[in-house]
Amino acid sequence: MNAFEALGLNEQLVQAITDLGFETPTSIQEKAIPVLLSGTTDFIGLAQTGTGKTAAFGFPLLQLIDPAQRHPQALIVCPTRELCLQITNDLDTYKKHSRGLFSEAVYGGASIMMQIRNLKKGVHIVVATPGRLIDLIERKAIDLQKVKYVVLDEADEMLNMGFRDDIDFVLKNTINRESTWLFSATMPPEVRAISRNYMDNPKEVTVGKKNTANVNIDHQYFVAPAQQRYETLKRLIDFNPGMYGIIFTRTKADAQEVSERLAKAGYDIEALHGDLTQQQRDKVMGRFRSKNLQLLIATDVAARGIDVDGVTHVINFELPDDMEVYTHRSGRTARAGKTGICISICHSRETFKIKSLERLTNAQFHKLDIPSGKDVCRKQFFFFMDKLMQADVSQGDYETYLPDLVKKFADVSKEEVLQRVAALEFDHFLKYYENAEDLNRGDIRGDRRPDRRMEGASSSGSRSERSFGKRDSGYTRLFINLGIKDGFYKASFLQFILDESDLKKEVLGKIDMRDMNSWIEIDKADAGKMISAIDGKRYNNRIVRMNEADGGFKRPADEPRKRTFAPKERRSFR
Ligand code: AMP
């Protein structure tokens with residue numbers, strides 16, 4: 001008997017699983033599927049992304065749905081649009097042999113009218129982000145009365161993003177639900193509170209140790225002072241040809257600056273940040289997913305919900321402030337049993353954080369020396385030579401030219417040909433690195449760095465270095481769960497937050513208001529005062545939540561991205 005059949009899944013679903021090539025259930029699937037198939041047991045799955053959790057709840061849900069009842073029977077709530085689309089796509093694959101099952105993704109940033117029209121056609125499973133779901137409930141476009149199963153996916157992320165009230169609202173309004181399934185990577189007190197308030201004797205399953213990083217991840221760290229962070233990053237990327245990676249920064253400003261500098265230097269990198277339109281974001285993600293983009297750089301907020309298979313490296317440009325965030329970041333690699341590397345660049349004063357991370361993840365972290373220029377050259381050189389040996393010559397009509405080539409090279413030795421190929425490919429690269437400084441000494445001055453020599457000693461180069469060193473744009477960004485739907489317009493909202501916090505308008509930067517939430521830029525020095533004055537207050541019977549979003553300074557949306565020709569110091573990663 002097939003292992004999935006043994007868990008109780010029906011023939012159609014097992015057929016889809018076979019098509020997908022899944023041979024054995026993952027740990028969370030083994031533990032969750034038999035319990036969830038009962039339909040009446042509340043369930044808590046402590047599992048990170050990459051453990052196969054979507055299938056763990058997706059398959060039982062599809063089996064429990066009655067196709068004859070054309071109304072929402074299941075509701076999956078998840079933090080981001082990306083995750084929403086991914087779950088819906090996964091469900092589509094899982095149900096391809098099951099007839100008459102319909103699911104619909106509803107999320108912000110897309111036409112609500114279209115989503116309402118699709119819901120009217122009669123769907124069984126609704127996959128939703130909290131904000132859009134509340135919108136649809138308020139417009140009476142979705143009926144939750146007959147929802148039997150509610151799945152909260154990445155519950156900790158949703159609470160981090162300030163969706164607590166929305167989740168409460170959904171759970172209070174699905175009065176006929178027969179079971180609630182909660183999935184979360186971590187179990188902070190707020191998630192525990194949801195289970196206490198809305199779940200009945202839930203079966204709790206943990207995959208691996210609680211808050212434990214995946215054992216397939218090699219955790220490495222490199223010590224560098226702030227003004228050498230960028231050069232260290234660059235060298236680590238060069239030392240890992242073939243890297244398919246995600247780089248995390250603490251602030252949006254850093255993400256943007258690093259990506260601009262690397263792109264200028266010829267690296268295949270894009271930044272993901274809140275200033276992009278949904279269309280631009282989809283485009284970047286599409287390129288990254290299809291491996292037409294080697295590197296993605298993002299803040300934790302912008303990268304929420306991104307699950308991409310095959311990521312080889314996660315790089316922490318800076319260590320996160322919240323150590324739990326490290327687990328989320330590192331979990332983007334080593335998915336589905338594969339191995340991966342999580343690299344952190346940290347300051348010597350931060351090495352104590354590594355000790356806490358070792359305790360938190362129960363994994364050993366390896367301190368490595370920043371590779372020398374020679375190490376990098378050697379690595380790149382052999383990577384290229386391996387590619388040369390693996391080149392597929394079966395497709396082209398190369399044999400036609402062979403006799404002429406043989407004649408041409410009759411007096412040239414194999415060694416010389418190899419040397420010439422290498423010179424052609426590596427001239428720039430070797431020159432760039434031949435006198436590169438030892439970054440482990442930590443005393444290199446910005447004006448002697450090879451980066452500037454290669455890219456032209458423009459003033460923007462030194463400005464970037466200084467700002468990475470200080471990492472200080474002056475603003476931090478606050479999230480608040482109040483918005484236009486609460487009856488505010490910009491001026492009244494400004495008055496409200498300033499009156500409550502007793503602060504002056506001058507401390508504020510840009511205000512970004514949405515239906516249910518808003519983001520406020522504020523002088524870093526005043527952020528704490530505003531949060532303590534507002535967070536936890538009541539407004540129209542709602543508890544107001546305010547917290548630091550990503551600490552990032554929002555750049556003007558219209559600032560052009562520079563993409564200029566740079567010396568060929570990079571090789572393609574594929
Ligand atoms: P998830 O944790 O749901 O994001 O899944 C992570 C990845 O694991 C996805 O690409 C799934 O297609 C894959 N996956 C899920 N279950 C299995 C399985 N039993 N065997 C192999 N791969 C799986």
Side-chain angles (χ1 to χ4, degrees), residues 28-29 31-33 35-36 39-49 51-62 64 72-88 90-91 103-108 125-134 136-137 142 144 147-207 210 304-305 307 324 328 481 516 545:
I28 186 76
Q29 290 162 6
K31 291 169 179 165
I33 292 173
V35 179
L36 299 182
T40 49
T41 312
D42 284 348
F43 182 87
I44 296 177
L46 284 173
Q48 295 167 15
T49 57
T51 51
K53 66 184 167 61
T54 316
F57 64 76
F59 283 113
L61 214 50
L62 290 166
L64 288 166
Q73 295 172 49
L75 181 62
I76 301 170
V77 193
C78 63
T80 61
R81 176 186 197 270
E82 272 76 22
L83 189 56
C84 192
L85 285 168
Q86 196 168 317
I87 294 172
T88 318
D90 285 353
L91 290 177
S103 54
E104 182 68 22
V106 295
Y107 46 82
I125 304 179
V126 178
V127 189
T129 53
R132 181 50 59 98
L133 178 61
I134 303 284
L136 291 164
I137 296 171
I142 182 167
L144 300 185
V147 167
K148 289 187 185 172
Y149 316 104
V150 173
V151 184
L152 301 175
D153 193 18
E154 303 207 349
D156 50 353
E157 286 283 340
M158 287 198 278
L159 293 167
N160 274 341
M161 290 169 79
F163 288 131
R164 188 190 169 145
D165 290 347
D166 299 340
I167 292 173
D168 277 340
F169 186 83
V170 170
L171 290 171
K172 278 188 188 133
N173 285 281
T174 41
I175 42 174
N176 292 315
R177 70 178 188 279
E178 292 174 8
S179 55
T180 310
W181 311 347
L182 182 152
F183 288 82
S184 191
T186 56
M187 198 60 170
E190 298 90 332
V191 177
R192 190 57 75 199
I194 290 187
S195 89
R196 228 185 5 255
N197 296 339
Y198 299 103
M199 295 168 84
D200 180 24
N201 194 21
K203 165 115 180 103
E204 187 169 324
V205 159
T206 304
V207 176
K210 273 180 203 174
R304 275 191 177 130
D307 279 330
E324 294 249 334
H328 283 287
N481 63 342
M516 310 288 292
R545 288 274 156 243

With rounding to the nearest 0.5 angstrom, report the [atom1] to [atom2] distance, [X] to [Y].
X: Thr186; Y: His328; atom1: OG1; atom2: NE2; result: 4.5 Å
X: Asp42; Y: Ser195; atom1: CG; atom2: OG; result: 9.0 Å
X: Tyr149; Y: Ile76; atom1: OH; atom2: CD1; result: 13.0 Å
X: Ile44; Y: Phe183; atom1: CD1; atom2: CZ; result: 10.5 Å
X: Thr88; Y: Glu104; atom1: OG1; atom2: CD; result: 8.0 Å
X: Leu91; Y: Leu62; atom1: CG; atom2: CG; result: 5.5 Å

Apply side chain to side chain contact (heavy atoms under 4.5 Å, CB included) to the pair Met161 and Thr80, showing each step before the final yes or no. CA-CA 10 Å; Met161 290 169 79; Thr80 61; 4.2 Å; yes
If you look at every heavy atom in [X] and [Y], which pair is closest and at what distance?
X: Gln29; Y: Ala55; answer: NE2-CB, 3.3 Å
X: Ile28; Y: Gly45; answer: CD1-CA, 4.2 Å
X: Thr206; Y: Lys31; answer: O-NZ, 3.6 Å
X: Pro79; Y: Glu157; answer: CG-CB, 3.9 Å
X: Asn173; Y: Leu144; answer: O-CB, 3.6 Å
X: Val207; Y: Ala47; answer: CG2-CB, 4.0 Å

Qualifying residues under ring-ring contact (aromatic ring centres under 6.0 Å, His included), relative to Phe163, sequence neighbours excluded: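 Partners of Phe163 under the ring-ring contact (aromatic ring centres under 6.0 Å, His included) test: none.
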Using the salt bridge (charged side-chain N to carboxylate O under 4.0 Å, His left out) criterion, which residues pair with Arg81? Sequence neighbours excluded. Asp282
N/O donor-acceptor pair under 3.5 Å between Thr40 side chain and Glu178 backbone: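 Flag not set: sc Thr40 to bb Glu178 has no pair under 3.5 Å.
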Whether Glu190 side chain and Arg164 backbone form a donor-acceptor pair below 3.5 Å: no
Is there a side-chain contact between Gln86 and Thr54 in this structure, where contact means two heavy atoms from C-beta onward sitting under 4.5 Å apart?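 Not in contact.
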Below 4.5 Å, heavy atoms only, C-beta onward: do Ile33 and Pro60 meet side chain to side chain? yes
Please report, to 0.1 Å, the donor-acceptor pairs under 3.5 Å made by any side chain of residues 126-134, with sequence neighbours excluded.
unit_1 : atom_1 : unit_2 : atom_2 : d
Arg132 : NH1    : Tyr107 : O      : 3.3
Arg132 : NH1    : Ala110 : O      : 3.0
Arg132 : NH1    : Gln115 : OE1    : 2.9
Arg132 : NH2    : Ala110 : O      : 3.3

Contacts of type side chain to side chain contact (heavy atoms under 4.5 Å, CB included), residue Leu171, not counting sequence neighbours: Val150, Leu152, Ile167, Arg177, Thr180, Ile194, Tyr198
Looking at residues at least two apart in the chain, or sitting in another chain, which of them share a side chain to side chain contact (heavy atoms under 4.5 Å, CB included) with Val191? Ala155, Asp156, Leu159, Leu182, Ser184, Met187, Pro188
For residues 52-61, which residue pairs qualify under salt bridge (Lys or Arg N to Asp or Glu O under 4.0 Å), counting only residues two or more places apart or in two chains?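 Non-adjacent pairs meeting salt bridge (Lys or Arg N to Asp or Glu O under 4.0 Å): Lys53-Asp153, Lys53-Glu154.
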